[in-house]
Amino acid sequence: MPTTNLNNNLKPLRHSCEHVLMQAMQKLYPKIKMAMGPATDDGFYYDFDLDEKISEIDFPKIESQMQKIIDTDLAIIKSEISVQEARKLFKDNIYKLEWLKEIEERDEKVSVYKTGDDFIDICAGPHIESTKKIGAFKLTKIAGAYWRGNEKNKMLTRIYGTAFPSKNELAEYLKSLEEAEKRDHRKIGTEQELFMIDDAIGQGLILWMPNGAILKQQMENFVLNEYQKRGYKLVITPHIASYKLFEQSGHLSFYKDGMYSPMNIEGEDYYIKPMNCPFHVKIYKYSPKSYRDLPLRYTELGTVYRYERSGTLQGLSRVRGFTQDDAHIICTPEQLTDELVGVIELTKFILNTFGFNRFKVYLSVRDPQNKTKYLGDDKEWNQAEAGLKKALEISGWDYATDEGEAVFYGPKIDVKAYDAIGREWQISTLQLDFNLAEKFDMTYTDNNGARKRPFMLHRALLGSTERFISLLIEHYAGAFPLWLSPIQIVIISVGEQHKEYCKKLASEFTEKNIRVEVLDENETVGNKIRKAVMQKIPYVLVIGNKEINSDNFHIRKRDNEEIIEINKQEFFEKIKKLIDEKSLEL
Ligand SMILES: [Zn+2]
Ligand SMILES: [Zn+2]
């Protein structure tokens, strides 16, 4: 999911509102057992245990109780007490007692916050001074959540809400939520029959329906073709591999939690792949390499499978199986900057083509105070970080440096893009890797015949194509650019006698690789047009006597009710040109 801009000043306010929520709940439902809840980037939530069933219908009642607490302007006061004292306060609450046990093990005092006289909660804070400072709030939804996120624990109830200093800010936020809801890719994905998820197949595993499969194919063909034009070599590797590969790559020691259990084939454990990298390394290692072979750029639309908790899965944005537009670049230290500049230019070109023009770029480097926690030597790191910086400067991309944010095996560049409603999405990653080159002993001979270690760079520009499609759906609210639209033109016959001509016309478009659908069911023309508009089809052609007997079409463009008359030949050419140019306009 995209993140909204986090305003740190809001956190104490939202956290305090969360306490007010629990205070109100305690008043309304005396048997409630509070569990825990934080302030989040969008608001707050609280988990609790209650036998009584609560639903969104109860929100007005809870909200008005909360408002009373806010209007009374109760002071919120921190104090520190001993674990013994706290145990007495929360003696009937198994959740709080579990916290307290952990606090006791750490040998700490218990920090508690009191709101007025009748509410107290274990909490590290910080909070605002009094309840009146909560200018405006709203409860937003209710859901189930396992205690501490673990599906082995009891399912609790979670109420979500948000709070702001003023009513205006809240109204603005609620409006943006509404806008986001209209664009929700799960909703549009169902309406346009793009993808589905089926319990018998499993959560987080996507079935691409015909319309969605076209969208995915268009996207993937475009990027793969572009990569190949720029000197990348296509490779294709299997979905599973023996434990031997993942043992050598280190995945079985540092990435095992993200991998699925192995299957045993003839006495040997095989794993479904969480990453494509070690497969590409094996292709590199097929024969000895010299500096003349480098740079080598291997690319693959590789489908990988990673374990995600069922509670975190979400439509296309968080799944268990996904395709990466993956590539690995292997080069000499001297080639590093040029290769990076190439990747950055390519990233810009690809994202621009999909209609994204506003970015935020982050360079993640080592923590200079703590160099020992990283793999690779000082010289390699300095070279790599300098290479990344220089490449960003040459490309003229504004960026922020995050010290200490590099992963242990190398520095990286992350690219975030803003969508049509201003949300930020993490998309492309360029990651240098000192680990795999080392683990697989990747080498090349330099021009003096010496064996050297190459640089290895992972890059995925769309990230996962599943997640990228969720972004496209929400960015365009389902009204895709012509070249990506699963159906580009709908042809509507006015009457029975025009059906034959419509079919002939459809095959003419199809021959030219233009995707059309003929709507000839016995419905009114108005209904058929409405259907096409609902599906956000770029063009609608209505065919009656007038069109059959003339050189002109009457067309209706998406988002424009006006009917335009255009010469048939001209229309064919125009459509073809817009598709070829991947135009964002109709
Ligand atoms: Zn708290
Ligand atoms: Zn990789």
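Just so you know, ligand 1 is whichever comes first in the structure, and atom 1 is the first atom listed for that ligand.
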A.B. asks: Does a donor on one side chain and an acceptor on the other come within less than 3.5 Å for Thr323 and Lys216?
C.D. replies: yes

A.B. asks: Assess whether atom NZ of Lys27 is packed by more than 12 heavy atoms of other residues, nucleotides or ligands within 6.0 Å.
C.D. replies: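 It does not: Lys27 NZ has 12 such atoms or fewer within range.
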
A.B. asks: Going by atom type alone, with no hydrogens or angles, which donor-acceptor pairs under 3.5 Å involve a side-chain atom of residues 116-125 and a protein atom two or more places apart or on another chain?
C.D. replies:
{"residue": "Asp118", "atom": "OD1", "partner": "Gln23", "partner atom": "NE2", "Å": "3.0"}
{"residue": "Asp121", "atom": "OD1", "partner": "Lys96", "partner atom": "NZ", "Å": "2.7"}
{"residue": "Asp121", "atom": "OD2", "partner": "Tyr46", "partner atom": "OH", "Å": "3.0"}

A.B. asks: Under a 3.5 Å threshold, yes or no: a donor from one side chain and an acceptor from the other, between Tyr227 and Asp325?
C.D. replies: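 Yes, because at least one side-chain N or O of Tyr227 sits under 3.5 Å from a partner of the opposite role on Asp325.
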
A.B. asks: Taking the Zn ion (ligand 2) as the center, what protein N, O or S atoms are found at less than 2.8 Å?
C.D. replies: Cys277 SG, His328 NE2, His458 ND1

A.B. asks: By atom name, which N, O or S atom of His15 is the nearest to the Zn ion (ligand 1)?
C.D. replies: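 Distance check against the Zn ion (ligand 1) picks out NE2 in His15.
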
A.B. asks: Using a 6.0 Å cut-off, check whether atom NZ of Lys439 has over 12 heavy atoms from anything other than its own residue.
C.D. replies: yes

A.B. asks: Would you say NZ of Lys285 has more than 12 non-hydrogen atoms from neighbouring residues, nucleotides or ligands within 6.0 angstrom?
C.D. replies: yes

